[in-house]
Amino acid sequence: MEDWVQQLQNSVNTLDRLKAVVNVTSEEEEAITTLNTKWGTTPYFASLMDPDTPDCPIRKQVIPSMKETENRYGMPNYLIWEENRDTGEIRPDCIARQYHDRIAFTVTDICATYCRHCFRKELVLDRKIKLRFDLEEGIAWIREHEEIRDVLITGGDPFILSDQKIEYLIRKLREISHIEMIRFGTRTPIVLPHRITDGLKKILNSYHQVPIWVNTQCNHPKEITEKTARAVFDLLSCGVNVGNQAVLLKGINDNVETFRKLHQKLLAVRIRPYYVFYCEPAPGIDHFRTPIEKGSELIRDALRGHTTGLAQPMYVIATNIGKIPLMPDYYIMEKNEKEYILKNYQGIYTTWPNMPES
Ligand SMILES: *Cc1c(COP(=O)(O)O)cnc(C)c1O
Ligand code: SF4
């Protein structure tokens, strides 16, 4: 099944198909048969699951859990709040705005894999929030707003759209003179690398004047294969840079060893770590969430100084007022008129002259 459409048609999204891949536990079976939620993944991504270990990091991201019925800390209508959908500015459903110069443009609610921890769970998985995804309406709004210079195309997964639709979107956005860059947020390089076809490469390659950036989502080193490496190389060969936006997930990547290995392995397949997101308080995903400080601790203990600066993502919480960086701020220990006292990742101190403003 090398064809991406075939991969989607044969999605592992029924109990029988899942049973053909892993030994399904009774807890997993209960969640699949009782929860009213969209779930499933590609046969390719399913093949990376451990058939005998329910604790497998890929299984936990793909297979529904009864824990999704618990909601002590999640906010109802989370997506409406997070994407400022009920504030003063009137926008089409497909446009989410937190910043002056850039927006998120939601073009579909279909994905190749339905991540259990999705912060858009209410929209994409549970279908409790309904939005209209009208490309024309979105493009028209962007055309009218000259302050927008950067469009982040998201979903769902925008690379699930046909080549024709992707080509159309890029062409239309590129015709707008104030658009300086186009970004896609897509999990396909990780969950459906087959999507990076010659046809898609040709489309991406035709538009070098307005750079296209891709950010994917990879949360565990197990998700990275030879096929990932090939897909990323193909994107880069079209002039498309590939970054990663991981989500900090309890029991999946919240330990030093996994966190470091994830970021090293991303670089080994040419993916540049961009963000690590704190797991957002959407309803029904409490079981994936750590305390906020966990991410800063991991940056400090797993990455800073322990491996190259190229492997350092920024740790952020995404809020309704934009992303807020939460990087460990431990390096300036003291400052006086003469000098700074600085601390490195091993806790060793050094001094540095204090240059006053003249
Ligand atoms: C994340 C996000 C962006 C892009 O943010 P960057 O920090 O530039 O990657 C833009 N708009 C919305 C609504 C977002 O959530
Ligand atoms: S691919 Fe993105 S939008 Fe789709 S379920 Fe996963 S996190 Fe949500």
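Counting starts at 1 for both ligands and their atoms, in listed order. In this text the structure is predicted, and so the values were computed from the model without any measurement.
Ring pair F184/F159 is tilted by interplanar angle, where 30° to 60° counts as tilted. The aromatic rings of W81 and Y78 lie tilted to each other, with the angle between the two planes from 30° to 60°.
Atom 4 (Fe) of ligand 2 does not have C118 among its coordinating residues (no N/O/S atom, backbone or side chain, under 2.8 Å). Here C115 does not reach atom 8 (Fe) of ligand 2: none of its N/O/S atoms is less than 2.8 Å from the metal.
Hydrophobic cluster membership differs between V247 and V214, with clusters built from Ile, Leu, Val, Met, Phe, Trp and Tyr side chains linked at under 4.5 angstrom.
The proximity of L152 to ligand 1, defined as any non-hydrogen pair under 4.0 Å, is limited to the side chain. Using a 4.0 Å cut-off between heavy atoms, H117 makes no contact with ligand 2 at all.
Judged by the shortest distance from any of its heavy atoms, R183 lies inside the 4.0 Å radius around the atoms of ligand 1. Assignment of A96 to the shell around ligand 1 is supported, since a heavy atom sits closer than 4.0 Å. Within the 4.0 Å heavy-atom cutoff, T113 counts among the residues contacting ligand 2.
Taking the ring centre of Y99 as origin, the terminal cationic atom of R102 falls inside the region bounded by 6.0 Å and 45° from the ring axis.
Close approach of ligand 1 to K323 (heavy-atom distance below 4.0 Å) involves ligand atoms 1 (C), 2 (C), 3 (C), 4 (C), 5 (O), 7 (O), 14 (C), 15 (O). For ligand 2, the atoms sitting less than 4.0 Å from at least one non-hydrogen atom of G156 are 3 (S), numbered in the order shown with element in parentheses. Within ligand 1, counting atoms from 1 as listed, the ones closer than 4.0 Å to a heavy atom of A104 are 11 (N), 12 (C), 13 (C).
For the side chain to side chain donor-acceptor pair (under 3.5 Å) with R183, the qualifying choice from D150, N215, T154 is D150, the only one to do so.
Listed for the N244 side chain is no donor-acceptor partner under 3.5 Å among the backbone atoms of Y274.
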